[in-house]
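Here's the structure, in structure tokens; my notes come after.
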Amino acid sequence: MHAPQVKGAAVWDSIFSPLASEGEKKIDLCTAKARRSTKIRQNPRGQIKMFETIGVLIVFFFLLFTGSIFYFAAQKSALQKEKVKAGEQYAFQIVLKSLYLPELDCSFLQTQKDNCIDRIKMEKMSQLIAKNETVRTDYYTEFGYATITVEEAFPGNQTWKLYENIPTKLEKIKGEEVEVPDYIDKLVTQSPILIFEPWKDAYAFGVMEVNVYVQ
Amino acid sequence: MSNRGQVEIFGLVIIVILLAIGLLFTIVILTKTPTREVARVKESVQAANFLNTMMGTTSTSCNKRSVRELLQNCATASQEWVGAALCEDGHNTCELADIMITSMLQETLGKWGKNYRFNITGTDAVEEIQIERGPCTGEREGSSRPEKVRAGLDMVLTLHICQS
């Protein structure tokens, strides 16, 4: 039993020892490669390259960020200007509407006098708008949030309030709910207008002032 | 190596220059004053409406003559308003027209803080009516209105609303 055992061991050695030495060799080779790769990673030139790339990326994103800040600021400013322009145009439209109101015109035998309002018609209309909620609502579709006043500049100095609708909101002041004006800007436009006084058959020089509230 | 460094510095300088130009453009865009298109139209309409309204306004004296009628009478007078019709209050038509126009301008454009220039051309008498307020060197908006005095004789009224 013993002899064959020895024989078996010899055979085992003869077969596997060359392989074992080859394996050792391979292990040695791997260690060498690993050592070499560690040497490459620690190369200062590579590190510098990497930092350079990171630096370029940082600068790129910084420039992108700064540029976008300026771009959006410019866009915001342009939008603001457009908003102001649109508000001014809207206010001017209301001025023209109020200047040519057919309810107030000075008409004689079916002919209208340009740039003229009848004083009696104006007084009646201002009273009606002030008293009647339904009429005020009807004119809201025409004038929106605005105040329209007519002031005589020559020879007298009377003033009439034709229409008034100021946007308001409820606000709590010292525990009480109070109505306060709710607008960010007020666009004022004045335009000279003739005021016809039928009982005197005379024309006064007046000014129509339109305040349009921008919310 | 030195050559490569020079190229890099050159690139950097170009980037800095481009950035500076971009920044300059942005500042110019951001600080650009808002356009006055609507304001210009408004002032032009205001001036036209003023002339139209003013011409139709009636005087309290002089048989309720309108400014148009006063100026038409004034235009036929000679220099220094000699020959202009005399009104009940002692003023002649040229003087009354001058007083009325001055008052209307003061009550409107003057009150709104705007400088203006008003003048009439056509005859010697009406050319003496010149009303102005403040300096008027910069941008201005205005309106002109021709008026008939009689056949073959016209006068032109001009009103300028000034920015400065």
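Lettering follows sequence order; numbering is per chain, from 1. Just so it is clear, the model here is predicted, and its values are computed rather than measured.
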So, the part of A/V95 with a heavy atom under 4.5 Å from chain B: the answer is neither
ask   = Are B/M54 and A/P192 close enough that some pair of their side-chain heavy atoms sits under 4.5 Å apart?
value = no
Applying a strict 4.5 Å limit to non-hydrogen atoms, the region of B/K64 in contact with chain A is side chain
ask   = Just wondering, more than 12 heavy atoms not from B/E80 lying within 6.0 Å of its CD?
value = no
Should the heavy atoms of other residues, nucleotides or ligands under 6.0 Å from NZ of A/K97 be counted, would the total exceed 12? yes
Taken to the nearest 0.5 Å, the spacing of B/M55 CE from A/N115 CG works out to 13.5 Å
Check the pair A/Q190, B/T108 against side chain to side chain contact (heavy atoms under 4.5 Å, CB included), reporting the backbone distance first and the verdict last.
CA-CA 9 Å; A/Q190 296 105 337; B/T108 52; over 6 Å; no
Heavy-atom closest pair (A/L194 atom, B/G56 atom, distance to 0.1 Å) is CD2-C, 3.8 Å
Could you tell me if the side chain of B/K111 sits less than 4.5 Å from the side chain of A/E151, heavy atoms only? yes
Bottom line for B/V67: the part with an atom under 4.5 Å from chain A's heavy atoms is neither
Turns out that what part of A/A202 lies under 4.5 Å from chain B's heavy atoms comes down to both
Okay, A/F205 and chain B: the region with an atom under 4.5 Å from a heavy atom over there is both
| query | Should we say atom NZ of A/K49 is surrounded by more than 12 heavy atoms from elsewhere, each under 6.0 Å from it? | reply | no
What do you reckon, is CG of A/N157 surrounded by more than 12 foreign heavy atoms closer than 6.0 Å?
no
Practice item. Check the pair B/V45 / A/F92 against side chain to side chain contact (heavy atoms under 4.5 Å, CB included), numbers first and verdict last. Key: CA-CA 10 Å; B/V45 171; A/F92 193 54; 3.7 Å; yes
Side chain to side chain contact (heavy atoms under 4.5 Å, CB included) test vs B/N49 passes for just one of A/V207, A/I193, A/L99, A/D114, namely A/L99
Closest non-hydrogen contact found for A/F154 with B/S103 is CD1-OG, 3.5 Å
Turns out that what part of A/L63 lies under 4.5 Å from chain B's heavy atoms comes down to side chain
Of the listed B/V41, B/T53, B/T58, the one with the largest count of heavy-atom pairs under 4.5 Å with chain A is B/T53
Quick check: are there more than 12 heavy atoms from other residues, nucleotides or ligands sitting under 6.0 Å from CD of B/E88?
yes
